[in-house]
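Note sheet for the following structure.
Both backbone and side-chain heavy atoms feed into the values below; hydrogens, waters and symmetry mates do not. Note on naming: letters A, B, ... go to the chains in the order of the sequence lines (proteins, then strands), and numbering restarts at 1 for each one.
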There are 2 protein chains.
Amino acid sequence: MTTLSSAAAVLRCYSADRCDLTVTQVSGLLGMPKSNASRLLRAMAACGLLEPVGASKRYRPGLLLHEAGAVFRTSSALTQRADEVVARVAAASGHTGYVSRRDGVEMVAVTDHPGMHALRVASSIGRRLNAGASATGRSLLARLPDAEIRALFTPFPTPPSANAPSNADELLRRVEAVRRRGFACAIDEANRGVGAVAVAVGDPQTQSEVSLCITFPAALMNEAERIELARELHEGAAAIAALTGDARFPAAFRAEAGAA
Amino acid sequence: MTTLSSAAAVLRCYSADRCDLTVTQVSGLLGMPKSNASRLLRAMAACGLLEPVGASKRYRPGLLLHEAGAVFRTSSALTQRADEVVARVAAASGHTGYVSRRDGVEMVAVTDHPGMHALRVASSIGRRLNAGASATGRSLLARLPDAEIRALFTPFPTPPSANAPSNADELLRRVEAVRRRGFACAIDEANRGVGAVAVAVGDPQTQSEVSLCITFPAALMNEAERIELARELHEGAAAIAALTGDARFPAAFRAEAGAA
DNA sequence: AACCTCTGTTCCGGTTTTTGGCACAATGAC
DNA sequence: GTCATTGTGCCAAAAACCGGAACAGAGGTT
């Protein structure tokens with residue numbers, strides 16, 4: 001465990017629910033002696049990676065991380081293009097849209113556009129989503145060969161709800177449906193009452209892939225509307241795929257109903 | 001120079017203009033042997049702090065930094081409140097607004113709201129601004145005692161243009177005007193053709209301070225409109241100051257013309 | 001007010017990582 | 001094909017890091 005990896009581990013302790021940390025918390029979460037945690041946090045604060053909250057008992061991420069994060073967001077042309085498409089579709093529909101990436105078996109939102117309706121899905125930046133139990137996750141998984149998906153999902157994570165695939169075979173069936181249709185759809189899986197449609201696109205040049213996703217209150221959308229949203233996402237993503245020369249993009253769009 | 005501080009130094013090399021780095025660049029910028037830079041970048045990538053761009057010759061900030069940066073942005077209640085006010089005023093006027101913080105003699109934008117007009121000031125997230133030569137900077141400086149400002153600005157940085165204060169005495173005069181009026185104003189200082197008005201507010205509890213700023217094409221605004229914008233910012237900031245119990249907030253608003 | 005608990009800091013050595021110079025490999029330009 | 005440039009292993013010396021335990025401070029309780 002080098003200092004650097006410890007520092008990274010500390011950063012991973014932060015989330016939308018835990019936006020500041022104390023020495024004892026870090027010591028507990030990472031199983032490290034308090035003396036170590038104390039020095040590490042202080043060193044990170046001295047570098048600008050963290051900053052003390054108020055008097056100085058709690059630490060939160062520092063300005064430096066904010067700036068580096070901003071660079072991350074603007075550096076990827078793929079993300080930017082995807083963001084434009086999502087912004088357009090989200091604005092037109094009034095629902096929440098976001099661009100996300102896969103990190104192992106979890107999804108991380110990269111940019112988002114909160115919806116305009118009174119009832120809307122909250123921003124998902126800072127919250128991780130199960131890749132197998134979400135439209136955005138399955139849209140990206142569909143770009144991988146089955147064997148790789150199976151390896152990734154061994155052991156299989158406990159599904160967050162009854163609607164989510166509960167084993168690898170079921171997940172692969174859904175993923176196959178995504179490949180056939182050209183888009184993914186999830187209703188009531190990771191979050192109760194929430195539905196989503198998603199389309200993935202990649203840039204072979206930078207070997208990066210993102211998912212374009214629109215998420216909405218499941219009760220407010222019927223099948224036809226969902227498919228219409230998916231079609232708009234697919235159109236936008238197809239344009240990006242053409243630009244980047246993405247060979248794995250599912251060119252066909254099939255208006256089939258049901259989850260995938 | 002510990003590994004951690006080297007890593008932080010690498011992150012500081014990134015900016016809006018330089019969104020990916022190579023081993024040689026880092027080695028040159030930080031004056032470190034190439035072997036070191038090579039290992040450091042690889043270690044940072046292994047931790048998720050950086051990620052390789054495409055094939056693997058260039059590195060850019062990684063997902064982890066994006067997530068930690070998001071936590072930073074949402075963690076500060078002060079920033080959020082300030083952001084709401086700026087968002088409202090920016091939307092009403094159609095001009096670009098942002099919330100920023102001071103880091104030494106530089107300002108860093110924390111959140112921003114691009115304007116709606118065809119001619120508008122571009123987003124400033126990722127770009128640093130001279131604190132002495134900007135409305136947003138002087139609004140925050142006005143909260144410090146003169147002696148501290150003088151210490152901070154010794155030696156005095158070269159002013160970016162003729163309209164910016166060129167020595168400490170001139171800066172202190174401007175800052176005094178900010179204290180009297182309750183808002184700061186800069187025309188054609190850090191950026192040609194750009195004007196801005198700003199108001200600062202703090203939270204004694206967390207000892208953090210932010211500046212609320214609206215920026216606009218200087219040619220499109222007259223004195224009365226500038227003062228009206230400043231008044232709106234000041235009203236919003238006053239509400240925040242009341243909530244946080246900020247004693248240093250300049251309660252009075254005086255509609256005086258000219259830069260400050 | 002005195003007590004107690006819980007958090008955070010400091011200090012020590014022994015151990016591990018890091019450092020920097022160099023030679024070598026890989027890449028791309030001419 | 002040659003050359004210039006960039007990136008990567010290797011090594012001994014040097015520095016940083018680790019874990020334990022003792023110490024200091026803040027907050028709450030009796």
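Regarding Leu41(B), its CG atom lies at a distance of 13 Å from the C1' atom of dT6(D), rounded to whole Å. If you take NZ of Lys57(B) and P of dA26(C), they are 13 Å apart, rounded to a whole angstrom. What separates CE of Met32(B) from C1' of dG21(C) is a distance of 15 Å, to the nearest Å. Across the protein-nucleic acid pair, Tyr59(A) atom OH and dG8(C) atom C1' stand 9 Å apart, rounded to whole Å. What separates NZ of Lys34(B) from C1' of dC24(C) is a distance of 11 Å, to the nearest Å. Distance, Leu40(B) CG to dG7(D) C1': 14 Å, rounded to whole Å.
Using bins of under 30°, 30° to 60° and over 60° for the plane-to-plane angle, the ring pair Phe253(B)/Phe183(B) lands in the parallel bin.
With respect to Arg101(B) and Glu51(A), a salt bridge is recorded, a charged nitrogen being found less than 4.0 Å from a carboxylate O. A salt bridge links Glu189(A) and Arg138(A); the closest N-O separation between the charged side-chain nitrogens and carboxylate oxygens is under 4.0 Å. Using a 4.0 Å cut-off between a side-chain N of Lys or Arg and a carboxylate O of Asp or Glu, Asp203(B) and Arg81(B) do not qualify as a salt bridge.
At the phosphate of dG7(D), neither OP1 nor OP2 sits under 4.0 Å from any side-chain N or O atom of Ser38(B). Phosphate proximity of dT10(C) to Arg42(A): present, with a side-chain N or O under 4.0 Å from OP1 or OP2.
Among the nucleotides dG8(C), dT8(D), dG19(D), the one closest to the side chain of Asn36(A) is dG19(D). With dT8(D), dT9(C), dT6(D) as the candidates, the nucleotide lying closest to the side chain of Thr24(B) is dT6(D). Which of dT9(C), dC22(C), dG7(D) sits closest to the side chain of Ser35(B) comes down to dC22(C).
Of the residues in residues 1-14 of chain A, those lying under 4.0 Å from DNA chain C by heavy-atom distance are Thr2(A).
Base engagement by Arg39(A) is indicated by at least one non-hydrogen atom pair under 4.0 Å involving a base atom.
Put simply, the side chain of Met1(B) does not reach to within 4.5 Å of the side chain of Met32(B), judged on heavy atoms.
A side-chain donor from one of Ser211(A) and Ser139(A) sits under 3.5 Å from a side-chain acceptor of the other.
We find the CZ-CG distance between Arg60(B) and Leu21(B) to be 12.5 Å, quoted to the nearest 0.5 Å.
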